[in-house]
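The next block holds one structure in the form of structure tokens; read it before the comments.
Each chain gets a letter, A, B and so on, in the order the sequences are listed, and its residues count up from 1. All values below come from the heavy atoms of this structure, side chains included, with hydrogens, waters and symmetry mates left out.
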Amino acid sequence: MIKAVRGTRDLLPPETALWNFVEAAARDVFRAYNFQEIRTPIFEETQLFARSVGEETDIVSKEMYTWEDRGRAQSDKGQSLTLRPENTAGVVRAYIEHKLWERGLSKLFYIGPQFRRERPQKGRYRQFYQIGAEAIGPATAGSESPARDAEVLELLATFLDRLGINDWNLELNSVGCPKDREGYNEALRKALEPVVGKMCADCQRRAVTNPLRVFDCKVPEDQPIIETLPRIGQFLDEGCRQHFEQVQDILKAVGVPFVLNDRLVRGLDYYTRTAFEFTHGALGAQNAILGGGRYDGLSESLGGPSAPGIGFAIGEDRLVLALKESAEAVMRKPDVYVAPLGAGMNREAARIARELRRHDVVVEMGDETFRLKKSFETASKMSAKFALIVGENEVKAGAFALKNLETGEQVSVPRGELPQKLQSNRNS
RNA sequence: GUGGGAGUAGCUCAACUGGCAGAGCACCGGACUGUGGCUCCGGUUGUUGCGGGUUCGAUUCCCGUCUCCCACCCCA
């Protein structure tokens, strides 16, 4: 038997209803904040990710699905292509390619699959889905304003509340400008040098490859040492410090709760200033449901004009996982199950069903060979609200037996009144 | 990529140290020829993940492999 490949999966009903529910809520919220949809290709030139995400990151160095395309002639070497491991790079590429800066501030959102060749785990797949957004544009259009950061964070809080996820936690930090980080990295290395020998093996490795990661250490014995290390906050220049303070001010003004976490350092190279993460309990080690931040230099590093921006990506798989119990509840149930009864009744049932569907009634239909008992069983199994009997008696009388499957009440309804009657008594 | 755990019916799970593959739920049919949920009866539940080995005999023991789960790495 051929199965879905490792790390990929099929999404089946009723769970797909939940995905639609989440995406519809996202689109609603995006509309309120005036974000518009962008769709970029799911594969791009490999160079795009190498230059934006960072050559040295794990994503680029070992988690990408990369292949060499064929050239025009059989003998030609093709270009190196890669399935997108995230969507910010593609959006910024499109921003530059289509000169979107001519339109002022661009507020764009996307919903779609991304690909990383990681070891699968619960809520972590090789084809996974992200809902994300980017606010990017010339600084003169307000793209650099702390108001943008606060707006994006508020949007996210609104979105999670809308989904009924109340126990989220917003963690906030500023990682400063590239200059600040350079100074900080140096200071961190210096501070680690004399103490690293006393730390765990993982930290010793991190100290060399990526000192910022030392803050992720969970070994209790290392914590006292980590407490003594310098923090990025001490290295922020005046501009970054003020920017960060204003973000916090606005968040307080609009009532979005947050906690400062000066250990929060985002993994991708392009992040500057504001960095954030929303976490949610009960997701195990994979407790982050979304993350994002500001990337003021990304456009330029991809050959575009100066275009500060801020964005985020929501891990839709994990979000849905957190909502899983409500899958049944959001699935649209049939309003009526039409039960043809007896030879020749399929024709009349089809006519009635067609008319009802034109009136936006959700209709499921049986077959004239089904015994009435079976039709009723099937109807109640799928939680249809009504069952409509289409038999010879009804056709003769011009009125049809309509039974409410929740109350058991049954009435005879003239054919002409059926659409009206069912329309005003819809499910959900 | 590293370490550990697990794969048996559509689902959740049993099968003492190797001895005829089971239960509940779900599904289909009947009791009930035009009325569901309750009850009773009957039925399929199946390449025990896949491949090899040991054995008279393997769901069980051994090797390989695939997938899922947990942790690490990293990240959404």
Worksheet item: Below 4.5 Å, heavy atoms only, C-beta onward: do A/Arg124 and A/Arg119 meet side chain to side chain?
Response: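 No, their side chains stay 4.5 Å or more apart.
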Nearest-Å distance, [atom1] ([X]) to [atom2] ([N])?
X	N	atom1	atom2	value
A/Leu170	B/rA76	CG	C1'	15 Å
A/Arg6	B/rU65	CZ	P	13 Å
A/Lys381	B/rG29	NZ	P	8 Å
A/Asn87	B/rA76	CG	P	14 Å
A/Lys385	B/rG36	NZ	C1'	17 Å
A/Phe128	B/rC75	CZ	C1'	8 Å
A/Tyr337	B/rG37	OH	C1'	16 Å
A/Tyr125	B/rA76	OH	C1'	13 Å

If I pick the [atom1] atom on [M] and the same atom on [N], what distance separates them, to the nearest angstrom?
N	M	atom1	answer
B/rC68	B/rU8	C1'	15 Å
B/rG3	B/rG43	C1'	47 Å
B/rC61	B/rG29	C1'	43 Å

Using a 3.5 Å cut-off and no angle test, enumerate the donor-acceptor pairs between side-chain atoms of residues 183-201 of chain A and protein atoms at least two apart in sequence or in another chain.
residue	atom	partner	partner atom	Å
A/Tyr184	OH	A/Pro230	O	3.0
A/Asn185	ND2	A/Arg181	O	3.4
A/Arg189	NH1	A/Val208	O	3.4

Worksheet item: For A/Asp262 and A/Arg231, which heavy atoms make the closest approach, and how far apart are they?
Response: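 Nearest pair, atom of A/Asp262 first, then A/Arg231: OD1-NH1, 2.8 Å.
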Worksheet item: How about A/Ser52 and A/Tyr295: does a side-chain donor come under 3.5 Å of a side-chain acceptor?
Response: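 Result is no, nothing qualifies.
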Item to complete: Verify whether one side chain among A/Gln127 and A/Tyr129 offers a donor that lies under 3.5 Å from an acceptor in the other.
Response: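 Note: A/Gln127 and A/Tyr129 side chains meet the donor-acceptor criterion.
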Both distances below 3.5 Å, Watson-Crick or wobble geometry, any strand: find the nucleotide opposite [N].
N	result
B/rG51	B/rC63
B/rC68	B/rG5
B/rC56	B/rG19
B/rG37	none
B/rC25	B/rG10

Tabulate atom names and distances for all N/O pairs under 3.5 angstrom spanning the protein and nucleotides 2-4 of chain B.
residue	atom	partner	partner atom	Å
B/rU2	O4	A/Arg119	NH1	3.1
B/rG3	O6	A/Arg119	NH2	3.4

Worksheet item: With a 6.0 Å cut-off on ring centres, are A/Trp168 and A/Phe159 close enough?
Response: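 That pair fails the under 6.0 Å test.
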Practice prompt. Could you tell me whether the side chain of A/Arg124 has a donor or acceptor atom within less than 3.5 Å of a complementary atom in the base of B/rC69?
Written response: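 Check fails, no donor-acceptor contact within cut-off.
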Discussion item. Counting the atoms with a prime plus P, OP1 and OP2 as sugar-phosphate, which does A/Glu118 contact under 4.0 Å by heavy atoms, base, sugar-phosphate, or nothing?
Written reply: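 Base, at least one base atom sits under 4.0 Å.
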Discussion item. Once you apply a heavy-atom cut-off of 4.0 Å, does A/Gly132 come out as touching a base, just sugar-phosphate, or nothing?
Written reply: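 Nothing, no heavy atom under 4.0 Å.
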Enumerate the protein-to-nucleotides 31-35 of chain B contacts in which both atoms are nitrogen or oxygen and the separation is below 3.5 Å.
residue	atom	partner	partner atom	Å
B/rC32	O2'	A/Arg371	NH2	3.2
B/rG34	O6	A/Asn393	N	3.1
B/rG34	O6	A/Asn393	OD1	3.0
B/rG34	O6	A/Asn393	ND2	2.3
B/rG34	N1	A/Asn393	ND2	3.4
B/rG34	N1	A/Glu394	OE1	3.0
B/rG34	N1	A/Glu394	OE2	3.1
B/rG34	N2	A/Glu394	OE2	2.6
B/rU35	O2	A/Lys403	NZ	3.3
B/rU35	O2	A/Gln410	OE1	3.2
B/rU35	N3	A/Gln410	OE1	2.7
B/rU35	N3	A/Gln410	NE2	3.2
B/rU35	O4	A/Gln410	NE2	2.6

Practice prompt. Go through B/rA71, B/rA76, B/rG36 for me and flag the one nearest to the A/Gln121 side chain.
Written response: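 Comparing B/rA71, B/rA76, B/rG36 against the side chain of A/Gln121, the answer is B/rA71.
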Item to complete: Measure from the side-chain heavy atoms of A/Glu377 and tell me the nearest of B/rG1, B/rC72, B/rG36.
Response: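 So the side chain of A/Glu377 is nearest to B/rG36.
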